[in-house]
There are 2 protein chains.
Amino acid sequence: MKYRTRDFERPLVTVDLAIFTVRDDSLAVLLVQRPDTADEPFPRAWALPGGFIDIECDSDLLACARRKLKEKTGVVTPYLEQLGGWGSRKRDPRGWSITQVYFALMPSVDVELRAGANAAAARWARIDSGADGVGEKLAFDHAGLLAAAVARLRGKVEYTSLPAYLLPEEFTLSELQRAYEIILGRPLEKSAFRTRVEDANLVEKLPRQRRTTNRPAQLYRLRERSEPFFFPRTFSPREAS
Amino acid sequence: MKYRTRDFERPLVTVDLAIFTVRDDSLAVLLVQRPDTADEPFPRAWALPGGFIDIECDSDLLACARRKLKEKTGVVTPYLEQLGGWGSRKRDPRGWSITQVYFALMPSVDVELRAGANAAAARWARIDSGADGVGEKLAFDHAGLLAAAVARLRGKVEYTSLPAYLLPEEFTLSELQRAYEIILGRPLEKSAFRTRVEDANLVEKLPRQRRTTNRPAQLYRLRERSEPFFFPRTFSPREAS
DNA sequence: TAAATAGTGTCTCTAAGACATTATTTG
DNA sequence: CAAATAATGTCTTAGAGACACTATTTA
């Protein structure tokens with residue numbers, strides 16, 4: 001090696017994922033169960049999926065996040081962004097550690113939870129509207145990481161098209177509106193919602209309708225664009241005067 | 001130690017800072033010069049200030065960022081937020097490395113650049129409006145980190161009160177508007193700007209005026225609030241129709 | 001009084017909020 | 001037809017954009 005690396009002791013580095021979907025009319029996050037062995041911290045506790053960076057096989061942080069995502073869900077999510085880094089002396093009993101948290105959105109149908117191989121038991125945990133996490137303790141500081149991810153999601157939903165990534169490829173405008181309402185925890189005006197979505201040129205009509213027990217609804221899909229759309233205004237409810 | 005840590009090799013971890021101010025009617029970022037020794041990469045190149053985490057003395061990432069900030073500028077900045085983490089096998093010739101980048105805003109007057117002790121030569125580098133960085137090569141991938149920081153700053157300035165942190169404690173509304181214009185690279189409407197700022201209850205009048213060669217301007221300061229204000233709409237210019 | 005910048009007023013326009021109304025299906 | 005949800009229309013309102021106009025200082 002050409003350069004000397006300094007004598008600083010290196011922290012542990014992991015990547016964790018907050019993977020969200022909408023199921024059963026509620027926001028949900030994917031949790032995995034930690035192994036039940038005495039030499040691992042928090043045995044049997046539920047945690048966000050993640051783990052150590054493997055500097056042999058991961059060429060960068062995003063690649064590591066994608067690998068973990070693939071291991072847990074078996075799919076490529078339509079949306080993956082970095083949330084941030086948490087590092088401290090206290091957060092892991094094994095020593096000074098840093099975790100890079102990524103934040104993924106996916107349709108509920110795409111998930112195939114696999115318990116086996118190096119993946120432990122996994123489940124979707126419900127996040128009630130108004131709550132900032134699941135109603136249980138999580139391993140490490142994962143409750144805090146999850147709260148930050150939920151806050152980011154709720155914040156961005158006010159002015160972006162993110163909820164579209166929580167739905168299956170084909171959806172109706174009512175379903176999209178419902179996804180917004182579930183995350184925001186408040187009803188939106190149908191008329192304003194629809195003009196906003198249509199003016200943004202976000203979605204395109206499909207030559208199909210969803211038929212249920214009443215008037216059929218037009219099906220749409222996202223226009224081919226990888227980037228989410230940013231609306232110029234938030235969905236703020238009129239203040240009482 | 002109670003737990004076994006796994007056999008993964010640990011990456012190098014650093015914290016870097018993008019410290020912005022407004023000076024000479026322009027946005028500027030603080031750069032430091034790397035040491036001129038053969039066992040350090042990028043000798044004499046300019047870089048964002050930063051360095052290795054010291055897990056002996058830094059209790060968490062933010063503390064580490066604050067320590068580096070203090071070392072470089074000698075002040076506590078009024079605004080410091082995490083920008084994100086960059087990690088890859090290639091970004092540092094010494095091996096797989098991660099940097100956590102923080103993003104600070106400060107008034108120009110507060111800075112006292114110190115070359116000496118463990119701080120190398122330092123200077124403010126101008127960022128022209130429209131450009132995504134300084135017009136020169138930087139060490140490591142710092143040009144990319146800086147471009148991301150500038151993009152985040154420009155994006156947030158559209159809908160937040162961040163530019164107020166770039167000004168000295170007392171300022172006029174014209175100076176605040178000018179800070180917005182410098183970062184956004186376009187003029188704003190004076191009337192709309194003033195009503196927006198006043199309606200947000202962001203600033204408070206001081207019993208003083210700034211006297212120059214013409215009509216004196218009312219001086220204001222930020223109301224005591226640590227959090228930046230988020231406006232419900234962006235400053236988007238009317239589209240040509 | 002001229003120059004310069006501070007600060008206000010007026011009119012328009014866009015898009016959201018509130019809420020009513022019409023449309024289209026099944027049972 | 002009733003029930004249910006889809007989809008559209010109308011009116012109001014908040015706040016930005018454009019731009020003119022007034023105000024207050026120094027030279």
Side-chain angles (χ1 to χ4, degrees), chain A residues 25 157-161 167 170-182 184 186-220 229-241, chain B residues 25 157-161 167 170-182 184-221 229-241:
Chain A
D25 214 44
V157 163
E158 295 278 1
Y159 61 94
T160 67
S161 61
L167 300 179
E170 302 190 0
F171 53 84
T172 68
L173 292 188
S174 295
E175 289 164 351
L176 182 57
Q177 181 176 346
R178 187 68 196 132
Y180 274 87
E181 292 174 338
I182 287 169
L184 292 175
R186 65 170 194 269
L188 296 179
E189 281 305 313
K190 180 160 60 169
S191 163
F193 179 82
R194 294 171 99 96
T195 32
R196 177 192 265 234
V197 169
E198 272 157 16
D199 290 358
N201 209 28
L202 243 182
V203 296
E204 60 187 358
K205 266 187 190 155
L206 293 169
R208 276 186 288 291
Q209 298 184 323
R210 171 148 302 157
R211 310 185 81 83
T212 61
T213 175
N214 43 35
R215 178 173 172 176
Q218 179 63 50
L219 281 168
Y220 292 84
F229 186 83
F230 284 65
F231 299 103
R233 301 191 193 175
T234 63
F235 285 110
S236 37
R238 181 83 41 96
E239 311 244 338
S241 63
Chain B
D25 214 42
V157 163
E158 295 278 1
Y159 61 95
T160 67
S161 62
L167 299 180
E170 302 190 358
F171 53 83
T172 68
L173 293 188
S174 295
E175 289 165 352
L176 182 58
Q177 183 177 343
R178 187 68 196 130
Y180 275 87
E181 292 174 339
I182 286 169
L184 293 175
R186 66 169 193 268
L188 296 179
E189 281 306 312
K190 180 161 61 169
S191 163
F193 180 82
R194 293 170 99 96
T195 32
R196 177 193 266 232
V197 169
E198 273 157 17
D199 290 356
N201 209 31
L202 243 183
V203 295
E204 62 187 355
K205 267 188 190 157
L206 293 169
R208 275 186 291 290
Q209 297 185 323
R210 169 149 301 155
R211 308 186 82 81
T212 58
T213 174
N214 42 36
R215 177 173 174 176
Q218 178 65 50
L219 281 168
Y220 293 83
R221 72 170 172 211
F229 186 84
F230 284 65
F231 298 104
R233 301 192 194 177
T234 63
F235 284 110
S236 39
R238 181 83 41 95
E239 309 243 341
S241 62

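The figures that follow rest on heavy atoms only: side chains count, while hydrogens, waters and symmetry mates do not. Per chain, numbering begins at 1; letters A, B, ... match sequence-line order.
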A:Val203 and A:Phe171: side-chain contact (heavy atoms from CB on, under 4.5 Å), yes or no, with the steps?
CA-CA 10 Å; A:Val203 296; A:Phe171 53 84; 3.9 Å; yes

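When heavy atoms are screened at a 4.0 angstrom cut-off, A:Arg211 is found touching the sugar-phosphate backbone but no base atom.
Atom CZ of B:Phe235 is separated from atom C1' of C:dT14 by 17 Å (rounded to the nearest Å). Rounded to an integer number of Å, the gap from CD of A:Gln209 to P of D:dT5 is 17 Å. Put simply, CG on B:Asp199 is 12 Å from P on C:dT8, counting in whole angstrom units. Rounded to an integer number of Å, the gap from A:Glu189 CD to D:dT12 P is 17 Å. Protein atom CD of B:Gln177 is 9 Å distant from nucleotide atom P of C:dA6, rounded to whole Å. The separation between A:Glu198 atom CD and D:dA6 atom C1' is 12 Å, rounded to whole Å. If you measure from atom CD of A:Glu175 to atom C1' of D:dA7, you get 15 Å, rounded to the nearest angstrom. At whole-Å resolution of the value, CG in A:Leu176 and P in D:dA7 are 12 Å apart.
The phosphate of C:dA16 has OP1 or OP2 within less than 4.0 Å of a side-chain N or O from A:Arg196. For A:Arg194, a side-chain nitrogen or oxygen approaches OP1 or OP2 of D:dA7 to under 4.0 Å.
We find that A:Glu181 and A:Arg178 are joined by a salt bridge, their nearest charged nitrogen and carboxylate oxygen being less than 4.0 Å apart.
The aromatic rings of A:Tyr159 and B:Tyr159 sit tilted, their planes meeting at an angle between 30° and 60°.
Checking A:Lys190 against A:Thr195, the closest nucleotide of DNA chain C that is more toward the 5' end is the one next to A:Thr195. Residues B:Ser191 and B:Phe231 both approach DNA chain D. Their nearest nucleotides, taken by heavy-atom distance, put B:Phe231 toward the 5′ side.
Checking side-chain atoms of A:Gln218 against main-chain N and O of A:Leu206 turns up a donor-acceptor pair under 3.5 Å.
Residues forming a side-chain contact (heavy atoms from CB on, under 4.5 Å) with B:Glu189 (at least two apart in sequence, or on another chain): B:Ala192.
Closest approach of B:Arg196 to B:Glu158, counting heavy atoms only: NH1-O, 3.8 Å.
Expressed to the nearest 0.5 Å, how far CG of A:Leu202 lies from OH of A:Tyr220 amounts to 12.0 Å.
Residues from residues 212-221 of chain B that place a heavy atom under 4.0 Å from any atom of DNA chain D, listed by number: B:Thr212, B:Thr213, B:Asn214, B:Arg215, B:Pro216.
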